[in-house]
2 protein chains.
Amino acid sequence: MLPANIEIRDYLAGLIKQSRLKQNERLPSERELVEQFKSTRITVRDALSKLESEGLIYRSNRRGWFVSPARLEYDPSSRVNFYLLAEQQQRTPATELISKKRIKGPLAARTALAVAADEKLIELVRLRSLDGRPVLYEFIYLPESRFPELMKKNLEGSLTTLMQRDYNVEITHEDNRICVSAVYDQVADALAHINGAPCLEIRRIRYEGERKAVEFDIEYWVHSAIELRIPSH
Amino acid sequence: MLPANIEIRDYLAGLIKQSRLKQNERLPSERELVEQFKSTRITVRDALSKLESEGLIYRSNRRGWFVSPARLEYDPSSRVNFYLLAEQQQRTPATELISKKRIKGPLAARTALAVAADEKLIELVRLRSLDGRPVLYEFIYLPESRFPELMKKNLEGSLTTLMQRDYNVEITHEDNRICVSAVYDQVADALAHINGAPCLEIRRIRYEGERKAVEFDIEYWVHSAIELRIPSH
DNA sequence: GATTATTTCTGGTCTAGTCCAGAATGCGGA
DNA sequence: TCCGCATTCTGGACTAGACCAGAAATAATC
């Protein structure tokens with residue numbers, strides 16, 4: 001006898017795999033499932049969070065649970081920008097600039113960028129969406145000295161393109177660190193997740209030339225929205 | 001006023017960050033926390049699963065919750081084997097062979113390896129541990145024709161080394177796909193996780209020569225045990 | 001027809017327990 | 001000293017509700 005929460009999970013997973021529930025379609029409400037399975041909300045929610053962990057469904061705050069669309073395939077080592085990437089996979093991308101600031105910035109960013117004690121960093125916070133669903137919340141740190149007047153530019157497009165065009169930056173290599181983490185507060189709110197929901201975290205340092213770091217990012221991806229693809233030679 | 005579950009999370013996260021709770025140390029039991037915070041087990045467990053999602057703690061079935069040790073840093077594109085990797089980071093590795101079979105194997109493996117309809121695959125299932133804690137459950141599929149007599153060999157060591165030494169295999173490149181997923185059944189049991197716990201899933205195809213696939217793996221990592229490091233040039 | 005207020009429905013959070021299976025421990029007997 | 005058994009303790013799974021805030025739909029108003 002399977003635990004009830006696993007039975008509910010299996011039933012819903014079945015519906016999704018047979019496409020009886022389509023991409024972005026709403027699932028029955030928690031209370032409807034309680035009735036259907038003669039169970040309780042705790043148990044139903046157990047089942048739903050398991051499906052969420054697997055990436056089969058996602059939640060939208062107080063609106064319900066929805067079937068996850070196909071994951072965006074993303075190769076962090078290719079320098080393809082977000083717009084191009086999304087369009088190559090028939091998705092509609094969008095970027096919202098949440099904030100831009102001149103600040104001291106977190107220690108991790110200052111260390112990565114090896115800036116002088118008195119130099120300020122530019123912090124950009126952006127929210128990126130696919131087909132209207134927020135999937136990525138990112139913090140970008142740049143040394144002010146390398147990017148004068150950056151604050152005045154359009155910061156919702158591709159940063160790579162902007163850096164190349166206006167500042168003549170050629171990224172020679174980068175270092176990515178990837179782990180499973182969790183989102184809280186502003187990040188959780190923006191991604192329509194609850195506090196503590198799992199996510200894929202990518203921390204990146206970009207270099208121009210052998211040692212000169214010019215960009216430090218922290219990306220929080222809705223975990224069901226992305227699959228990394230890492231070829232190696 | 002913060003929700004109670006977040007307060008409990010913050011308190012425990014604080015203890016861990018200040019090292020008042022050390023690596024692999026047991027947390028107070030759920031019932032003790034209930035008393036301490038005048039709350040209920042549901043709420044306490046909410047807090048604990050958030051810490052688990054973040055990777056700060058892990059559970060050991062019916063034994064309690066423990067502080068996660070540092071993540072193993074893993075570069076899937078480097079062909080450093082598990083033993084070497086662990087030892088470089090002052091950890092004690094171990095491998096247990098769960099099963100070895102000659103089977104048809106799953107469609108994904110057959111497709112990846114492009115085997116003929118009548119050819120069998122060798123399936124190896126292994127559990128790997130660090131310092132006595134299971135961290136990785138892996139399924140390995142190999143075309144029998146390329147690896148005769150493999151079933152008779154010692155399969156608990158480095159497969160890369162074995163393939164190289166006994167079968168003259170030189171891996172030229174590989175393709176890794178990485179996503180956040182969840183573990184169930186045998187995998188969940190072995191990793192001392194509950195059904196549906198999040199994990200990092202890596203699917204890999206290894207090639208010798210341009211097109212000849214010789215190995216297909218699916219790895220399930222305890223998500224708090226690993227950080228991927230992906231340099232790019 | 002457009003705007004605003006109200007109601008309904010949703011998930012988010014929580015209370016206060018119960019029963020169960022497996023892990024750890026300590027005790028008794030061989 | 002060692003083995004086996006019983007007890008205790010742990011988390012896992014569940015029942016049966018409650019109240020709240022925000023989203024969506026609907027009704028009322030201008």
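Here is how names work: the chains are called A, B, and so on, in the same order as the sequence lines, proteins then strands, and each is numbered from 1.
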Check ion pair A:R91-A:D131 (N to O, under 4.0 angstrom): yes
Qualifying residues under ring pair (Phe, Tyr, Trp, His ring centres under 6.0 Å), relative to A:Y58, sequence neighbours excluded: A:F66
Inter- and intrachain pairs under ring-ring contact (aromatic ring centres under 6.0 Å, His included), touching residues 25-55 of chain A, at least two apart: A:Y11-A:F37
Pairwise ring-ring contact (aromatic ring centres under 6.0 Å, His included) hits with a residue in residues 72-111 of chain B, at least two apart: B:Y74-B:W221
Test item: B:V44 and B:I8 side chains (from C-beta on) under 4.5 Å apart, heavy atoms: yes
A:Y184: ring pair (Phe, Tyr, Trp, His ring centres under 6.0 Å) partners, not counting sequence neighbours: none
From A:R126, A:E219, A:Q186, A:R128, residue fulfilling side chain to side chain donor-acceptor pair (under 3.5 Å) relative to A:Y137: A:Q186
Partner residues of A:K152 under the salt bridge (charged side-chain N to carboxylate O under 4.0 Å, His left out) criterion, sequence neighbours left out: A:E149
Touch class at under 4.0 angstrom, heavy-atom based, for A:R63 against every strand present: sugar-phosphate
Sugar-phosphate, base or nothing in reach of B:R31, heavy atoms under 4.0 Å: base
B:E35 CD: over 12 foreign heavy atoms closer than 6.0 Å: no
Neighbour count >12 (heavy atoms, 6.0 Å) for atom NZ, B:K100: yes
Qualifying residues under side chain to side chain contact (heavy atoms under 4.5 Å, CB included), relative to B:R203, sequence neighbours excluded: A:E227, B:R177, B:C179, B:E201, B:I218
Members of residues 33-52 of chain A that approach DNA chain D, where some heavy atom sits under 4.0 Å away: A:S39, A:T40, A:R41, A:I42, A:T43
Span of DNA chain C in contact with chain A (heavy atoms, under 4.0 Å): C:dT10 to C:dC14
Chain B contact limits on DNA chain D, taken 5' to 3' with a cut-off of 4.0 angstrom to heavy atoms: D:dT10 to D:dC14
Axial bend angle, the helix from C:dG1-D:dC30 to C:dA30-D:dT1: five-pair end segments, nearest 10°: 10°
For B:F216, ring pair (Phe, Tyr, Trp, His ring centres under 6.0 Å) partners two or more places apart: none
Test salt bridge (charged side-chain N to carboxylate O under 4.0 Å, His left out) applied to A:R102 - qualifying residues, sequence neighbours left out: A:E144
